[in-house]
2 protein chains.
Amino acid sequence: MNYMGSEPSTSLKAGSVAPEGFNTLECEETTKTCDGALAQAFKFLGKRWNGVLLGTLTNGPSGFAELKRNVEGISDSVLSERLSELQEAGLVVRSVQPGPPVSVSYELTDTGKALIPAMHALSTWASENFPTGTQH
Amino acid sequence: MNYMGSEPSTSLKAGSVAPEGFNTLECEETTKTCDGALAQAFKFLGKRWNGVLLGTLTNGPSGFAELKRNVEGISDSVLSERLSELQEAGLVVRSVQPGPPVSVSYELTDTGKALIPAMHALSTWASENFPTGTQH
DNA sequence: CAAGGCGCTTCGTTTTTCCTAGTTAGCCTT
DNA sequence: AAGGCTAACTAGGAAAAACGAAGCGCCTTG
């Protein structure tokens, strides 16, 4: 699976197989590195907008303009680029209805939908730890 | 709670209270926005290195140099800045043992530790959807 | 016909992130 | 005593990411 641009290079948990480009760690149970799978997850989610985009798409398929409205603050060019990356990563699928008029929708794939429990856990954590209305 | 710099501005779920600076949505159950709490979570986790840093600290307290070694690819200044941000957000605590020699350690707070279930869910998702060894 | 929306792309500008060299203090070895 | 190394950062500039505005072709609406 391809990543676009450079992504954070992370070390893997002791004993796990190192993908290309990663330094292979000696098998050492006391090494305090980040879980390799978690690091993998953060290759996507550690990029600005991806988490919120995926979160938005859990509400169902959306067109480009609708996503632009619903993800406040994102620019057209970044939205376009992120959607391309998420497609290439297999998390989002783009489907085109030729119309007229042409209509495009973006939808979570099964892989993308499989993120929902984790995103729910993140949402629960934020609700419990950063109640709305207390920011200043 | 203070955020450093500007963070992605997101719209909130219909009916939820809008914090300062957010556009208030009309209460409209069909609006497909990202859950406000999830958006809040991604203010931290959508920044490069934060997720991996927090993931690394789930293994226990670490000093700066140890973190530098265990989070492969991060530079000193970014590590320093991210740790400061995570402290200010209440996710990490810094404690200093004056020595000599001076010794500093960073540790997850209760709020930071409360992220562990969500990070475990993310790790599970990545393991099941991106098996190691298949990257190219 | 004019105006607006959709679904984007392009490019110059701005903002954010990142890197590297450097600092001080202490420890260890020769 | 001197030199090398580590810890825990910081400063300033470089690089990358993100933004904003303009634009395109097509369609719908008035």
Side-chain angles (χ1 to χ4, degrees), chain A residues 3-10 32 42-53 56-57 61-89 92-107, chain B residues 2-10 21 23 32 39 42-53 56-57 61-89 92-107:
Chain A
Y3 291 103
M4 302 193 63
S6 60
E7 60 272 357
S9 171
T10 58
K32 293 175 173 180
F42 277 113
K43 283 184 197 305
F44 302 108
L45 299 173
K47 291 193 89 175
R48 191 175 184 192
W49 297 117
N50 276 359
V52 171
L53 254 180
T56 303
L57 286 170
S62 287
F64 189 97
E66 187 176 13
L67 282 170
K68 175 72 192 292
R69 283 192 296 275
N70 291 334
V71 181
E72 191 172 330
I74 197 167
S75 66
D76 283 10
S77 52
V78 173
L79 178 55
S80 178
E81 187 174 337
R82 287 294 179 277
L83 287 170
S84 295
E85 287 174 8
L86 292 171
Q87 284 175 73
E88 291 179 24
V92 163
V93 67
R94 173 180 185 265
S95 52
V96 183
Q97 290 77 46
V102 165
S103 170
V104 174
S105 77
Y106 295 91
E107 180 168 8
Chain B
N2 284 323
Y3 290 102
M4 299 192 67
S6 60
E7 59 273 356
S9 170
T10 58
N23 289 334
K32 295 176 170 179
F42 277 113
K43 284 184 196 302
F44 300 108
L45 299 173
K47 290 192 92 175
R48 191 178 181 193
W49 298 115
N50 276 0
V52 170
L53 256 179
T56 304
L57 286 170
S62 287
F64 189 95
E66 188 176 12
L67 283 169
K68 175 79 189 292
R69 284 191 296 274
N70 290 335
V71 181
E72 189 172 333
I74 198 167
S75 67
D76 283 3
S77 57
V78 173
L79 178 54
S80 176
E81 187 174 337
R82 291 290 182 276
L83 286 170
S84 294
E85 287 174 10
L86 292 171
Q87 283 175 73
E88 290 181 22
V92 162
V93 67
R94 172 177 184 270
S95 52
V96 183
Q97 291 77 46
V102 163
S103 169
V104 174
S105 78
Y106 296 91
E107 178 168 10

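Here is the naming used below: chain letters follow the sequence lines, and residue numbers restart at 1 for every chain.
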Peer 1: Please state how far atom CD in B/E81 lies from atom C1' in D/dG13, giving the value in whole angstrom units.
Peer 2: 15 Å
Peer 1: Just how far, in rounded Å, is P of D/dA17 from NZ of A/K43?
Peer 2: 14 Å
Peer 1: State, with a plain yes or no, whether a side-chain heavy atom of B/N50 is found less than 4.5 Å away from one of B/E85.
Peer 2: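 The answer is yes; the side chains approach within 4.5 Å.
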Peer 1: How close or far is atom P of C/dG7 from atom CG of A/L79, stated in whole angstroms?
Peer 2: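 In whole Å, C/dG7 P lies 11 Å from A/L79 CG.
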Peer 1: Under 4.0 Å from OP1 or OP2 of D/dC19: is there any side-chain N or O of A/W49 that close?
Peer 2: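 For D/dC19, OP1 or OP2 has a side-chain N or O of A/W49 closer than 4.0 Å.
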Peer 1: What's the angle between the local helix axes at either end of the helix from C/dC1-D/dG30 to C/dT30-D/dA1, using five pairs per end and rounding to 10 degrees?
Peer 2: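 Answer rounded to 10°: the end axes differ by 10°.
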Peer 1: Return no unless some side-chain N or O of B/K47 is found under 4.0 Å from OP1 or OP2 of C/dT17.
Peer 2: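 The answer is yes; a side-chain N or O of B/K47 sits under 4.0 Å from OP1 or OP2.
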Peer 1: Separation of B/L53 atom CG from C/dC18 atom P, in whole Å?
Peer 2: 11 Å
Peer 1: Determine whether A/L53 and A/L86 make a side-chain contact, defined as any pair of heavy atoms from C-beta on separated by less than 4.5 Å.
Peer 2: yes
Peer 1: Here's a test of your reading of the structure: between A/R82 and A/P100, which maps to the more 5' nucleotide of DNA chain D?
Peer 2: A/R82
Peer 1: Is the phosphate of D/dA17, meaning OP1 or OP2, less than 4.0 Å from a side-chain N or O of A/R48?
Peer 2: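 Checking A/R48 against D/dA17: no side-chain N or O falls below 4.0 Å of OP1 or OP2.
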Peer 1: To the nearest 0.5 Å, tell me how far B/N70 CG sits from A/K32 NZ.
Peer 2: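 Rounded to the nearest 0.5 Å, the CG-NZ separation comes out at 8.5 Å.
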Peer 1: Return a single string for nucleotides 4-10 of chain D, one symbol per nucleotide in 5' to 3' order, where B is base contact, S is sugar-phosphate-only contact and - is none, cutoff 4.0 angstrom on heavy atoms.
Peer 2: ---SSBB
Peer 1: Do A/L67 and A/L83 have side chains that get closer than 4.5 Å, going by heavy atoms?
Peer 2: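 Contact flag for A/L67/A/L83 side chains = yes.
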Peer 1: Hey, what do you get for CD (A/E66) to CG (A/L57), rounding to the nearest 0.5 Å?
Peer 2: 9.5 Å
Peer 1: In whole angstrom, give the distance that lies between atom NZ of A/K68 and atom C1' of D/dA18.
Peer 2: 13 Å
Peer 1: Separation of A/Q87 atom CD from C/dC8 atom C1', in whole Å?
Peer 2: 12 Å
Peer 1: Considering only heavy atoms from C-beta outward, does the side chain of A/L45 approach that of B/L45 to under 4.5 Å?
Peer 2: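 With C-beta onward as the side chain, the pair stays apart.
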Peer 1: Rounded to whole Å, how long is the line connecting atom CD1 of A/I74 with atom C1' of D/dG20?
Peer 2: 14 Å
Peer 1: Looking at every non-hydrogen atom in both residues, tell me the closest pair between A/P61 and A/E107 and how far apart they are.
Peer 2: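 That closest heavy-atom pairing would be CG-CD, 3.6 Å.
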Peer 1: Rounding to an integer number of Å, can you tell me how far A/Q97 CD sits from C/dC8 C1'?
Peer 2: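 Rounded to whole Å, this separation is 16 Å.
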Peer 1: Would you call B/F64 and B/V104 a side-chain contact if the rule is heavy atoms closer than 4.5 Å?
Peer 2: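 No - every pair of side-chain heavy atoms lies 4.5 Å or more apart.
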Peer 1: Look up atom CZ in B/R82 and atom CD in B/Q87, then write down how far apart they are to the nearest 0.5 Å.
Peer 2: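 Result: 13.5 Å between the selected atoms.
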